[in-house]
**Student:** 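Here it is: the structure, laid out below.
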Amino acid sequence: MAAFDLRSASLHLSQYIETSISYQNTKTLLHFYDPMVIIVPPNKLAPEGMVGVSEIVDRFYASVKKVVMARGCFDDTKGAMLIKNLAAREPSALGLDTYYKQYYLCLASASAAIKWYFQSLNYLFETLVVLRIEAEKGVIITSHSLASYNLYPFSLEYPLPQVTFNGSFDHMNIDTTSVHNLEIVEPLHSALWGTSNKKRSLFHMLKTTKTIGGTRLLRANLLQPLKDIETINIRLDCLDKRLLLSHIMSFSLTPKSKFIKANCNNLQDELMSNEQLFFGLSQVLRKFPKETDRVLCHFCFKPKKITNEILGADDAKKSQMLISSIILLKTALDALPLLSKVLKDAQCFILANVYKSVCENEKYADIRKRIGEVIDEDVLHARVPFIARTQQCFAVKAGIDGLLDIARRSFCDTSEAIHNLANKYREEYKLPNLKLPFNNRRGFYFSIPRKDIQGKLPSKFIQVEIGNSLCYFIYDVNDDFLGSSQTLVVKHGNNVHCSTLELASLNVRNKSAAGECYVRTEVCLEALVDAIREDIPMFTLLAEVLCLLDMIVNSFAHTISTKPVDRYTRPEFTDNGPLAIDAGRHPILESIHSDFVPNSIFISEASNMVIVTGPNMSGKSTYLQQMCLIIILAQIGCYVPAHFATIRVVDRIFTRMGTMDNLESNSSTFMTEMKETAFIMQNVSQRSLIVMDELGRATSSSDGLAIAWSCCEHLLSLNAYTIFATHMENLSKLATIYPNVKILHFYVDIRNSRLDFKFRLNDGPKHVAHYGLLLAEVAGLPSSVIETARSITSRITEKEVNEMEVNCLNHNQIMMAYRAAQRLICLKYSNQKEDAIRQALHLLEESYIDGKL
């Protein structure tokens, strides 16, 4: 798969083995890239039991444009050549020689992706190519590097700043089903979303970023969290010190984890009382335009050269975009000294490295000076449409180009005439509140409050906007404005939007003058743009830095700082240790329910499966989702909502939650369960986290129990950590056979034949008598039916409870040995001092001998 992203001028390559007949790995990457165009090979005979990639695209991505291209368009040799010439870094730094031998399929995809874009449709091979395109067509890219592509009317002159090889999966992999179940990007019940007290997704909760690139980076991290412990800890170090100057914390970077664990509470208080760096960064990041990362695509690709023979609306628009990019770049470079001032005394690795590689880089100052020689000092990036147009027209200093000065004069004259016309109408028609808004689509137009019209609208006013369309008509001065059958009036709230023939004429002249300014300005900027294009990698670095700082400061740090002290804690990581979360909370639901009940979990190699039991609505599904979200937060480098957390790095999260039919694939509820379970069994690894909420409930009781039991035994044979929620109390018998199974239950109190949910997780199995019957009685089933059912279930339950008590006695010694091994594993990865560990070992020995472990 090749993902060509023209927003940031980057090319991402992946090659992997598709192990699922439903193409789950492919769908996961497609969901991650969120493409606008998907290019697939022609239909071919798929392996037995599988459908082709093209059919998958048609079924699950019907709203995305699909392009089918011939296989000859995929050429790995040309792809490798393209990568060598396009990459901003040296081929040796990319490890291209190694990747060429191993990942030739994705190189072929890269060749085809670039070819399709520059040839404007023509493509293919057995690999799949994903494109995310938001650039204008008609762009020329010229260079010697594509000389072998003689059929192209373009070539590549400037390098792509980012070319990445992802191999199979270098990050945690979360399949699309799990993304949906865990509500990472979108909430399951989107109708509830919209107000501050409604449920949101994890992405919506963290989306306090200020830049478009920061938001996109946040989404990418949530869908593919990190696996490298060093990188995760570097981000966490930044959060540790996000509010500190150098004199606040001066301890060494290496023994940091011990310091944090010993001084966690004091550190949090100190951070909250020393917020200079945090708020300084927040304010400085606001100075950078939201679209800073998007400016790259306008400099990586060289447009057609403007000539006197070719001048049109499209040329003016492209010139306007280039001028806007120059202004945006100038605004970003002007804010760099402020960022340098804030980061000067920062100590953590990320902030110190940003200061060294960006703030102290003299090239940025040189380019800023070069821009200042051509661009007016007072010009800044603006979002208000008419202010932005004016800034673009007056971007270049006066006196550089005579034709540009003449076009500016015309632009000013027409702008002044439009405002004079508005003043004239205010006086002539007694409309003191007449306003003159402006937008890029319509230009200037009049906005008149309905209260000022008093039932009549003068005949001069035409072109009333209706929804998203324009209706042209003329009012008769004698017609009733609100009810004439000859007029068509649509209200915009309490205002009416309209125009006049005079204003329409001036709008045309004003737009034409602005277009002439854009074209002449681009001619003046040609040398400057060529100089900027020589340093594209620098601007890539700047864009990446700003996106990362935006995510860490405005999302992660902001989320932590808005919570009460000690509500979020720094997670610790191990390669082979346990998963231990003390008093964890659901990061989304705790913001809705102030009395949210925290719960803990402990899973290790000696106890790698937890079976959670409890009645309906006791909190099992919330608990499963909560643990997954905490791990995701930890592995993106953010603090987690818990009192303490130590995590073994997870490479994949699998979930099987919910019950529903899939009518599109002709799958019943049970068949859907089995497909999801099969995908888990086929792809699970020793470092995976598996979360299963009910299994086998949609078929017969005996078959369902047999399947659930068998799946549990299979997962127990692996080192993967599994959390299994179930209503089947018979599954609790697994703990009497397999010591590495731990049984937990959600405590429920029964009062006056009513269930009182406590949402608190306790150790061991717990039989809640007839909770299903209690809920059925509340639902209104006849009392005779309830009594009969109660009699039947009592006899069945009594027999099962007796069997379980006998099994527990027979396997008590085995459980004792496993509990001792579990404690030993915990001590193995403990950060306590040697004396404390010796004391713990002594207590463990005594408890084991006394049989009280």
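Residues take their numbers from the sequence shown, with the count starting at 1.
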**Student:** I'd like to check the side chain to side chain donor-acceptor pair (under 3.5 Å) partners of Thr231; sequence neighbours left out, ordered by chain and number.
**Tutor:** Asp228
**Student:** Using the ring of Phe602 (Phe, Tyr or Trp, six-membered ring only), decide whether Lys742 places NZ or CZ under 6.0 Å from its centre and within 45 degrees of its axis.
**Tutor:** no
**Student:** How would you list, by chain and number, every residue that makes a side chain to side chain donor-acceptor pair (under 3.5 Å) with Ser688, sequence neighbours excluded?
**Tutor:** Asp651, Ser685
**Student:** Is the shortest side-chain N to carboxylate O distance from Glu590 to Arg567 below 4.0 Å?
**Tutor:** yes
**Student:** Is the closest side-chain donor-acceptor distance between Ser555 and Thr209 under 3.5 Å?
**Tutor:** no
**Student:** Could you list the residues that satisfy side chain to side chain contact (heavy atoms under 4.5 Å, CB included) with Asn181, not counting sequence neighbours?
**Tutor:** Thr177, Thr655, Met657
**Student:** State which residues pass side chain to side chain contact (heavy atoms under 4.5 Å, CB included) with Phe32; sequence neighbours excluded, sorted by chain then number.
**Tutor:** Ala220, Leu223, Gln224
**Student:** Could you list the donor-acceptor pairs under 3.5 angstrom formed between side-chain atoms of residues 715-724 and any protein atom two or more places apart in sequence or on another chain?
**Tutor:**
{"residue": "Ser717", "atom": "OG", "partner": "His714", "partner atom": "O", "Å": "2.5"}
{"residue": "Tyr721", "atom": "OH", "partner": "Gly577", "partner atom": "O", "Å": "2.9"}

**Student:** Using the side chain to side chain donor-acceptor pair (under 3.5 Å) criterion, which residues pair with Asp535? Sequence neighbours excluded.
**Tutor:** none
**Student:** By ring pair (Phe, Tyr, Trp, His ring centres under 6.0 Å), which residues pair with Tyr623, not counting sequence neighbours?
**Tutor:** Phe746
**Student:** Tell me every residue that passes side chain to side chain contact (heavy atoms under 4.5 Å, CB included) with Ala335, counting only those two or more places apart in sequence or in another chain.
**Tutor:** Lys287, Phe288
**Student:** Looking only at non-hydrogen atoms, find the nearest pair between Cys238 and Ile552 and report the distance.
**Tutor:** SG-CG2, 3.9 Å
**Student:** Relative to the ring of His12, is the ring of Tyr33 parallel (under 30°), tilted (30 to 60°) or perpendicular (over 60°)?
**Tutor:** parallel
**Student:** Side chains of Arg656 and Ile690: does their closest heavy-atom pair fall under 4.5 Å?
**Tutor:** no
**Student:** Excluding sequence neighbours, so at least two apart, what forms side chain to side chain donor-acceptor pair (under 3.5 Å) with Thr622?
**Tutor:** none
**Student:** Ignoring hydrogens, what is the shortest heavy-atom contact between Ala634 and Pro571? Give both atom names and the distance.
**Tutor:** CB-CG, 3.7 Å
**Student:** Taking NZ, NE, NH1 and NH2 as the nitrogens, is one of them in Asp34 or Arg216 under 4.0 Å from a carboxylate oxygen of the other?
**Tutor:** no
**Student:** Report yes if some heavy atom in the side chain of Leu182 is under 4.5 Å from a heavy atom in the side chain of Ile632; otherwise report no.
**Tutor:** yes
**Student:** Looking only at the side chains, is there a donor atom on one of Thr28 and Asp175 sitting less than 3.5 Å from an acceptor on the other?
**Tutor:** no
**Student:** Could you state the interatomic distance from NZ (Lys207) to OG1 (Thr559), rounded to the nearest 0.5 Å?
**Tutor:** 13.0 Å
**Student:** Not counting sequence neighbours, which residues clear side chain to side chain contact (heavy atoms under 4.5 Å, CB included) with Gln283? List them please.
**Tutor:** Arg286
**Student:** Answer whether the closest heavy-atom distance between the side chains of Val179 and His31 falls below 4.5 Å.
**Tutor:** yes
**Student:** Residues in salt bridge (Lys or Arg N to Asp or Glu O under 4.0 Å) with Glu291, at least two apart?
**Tutor:** Arg383
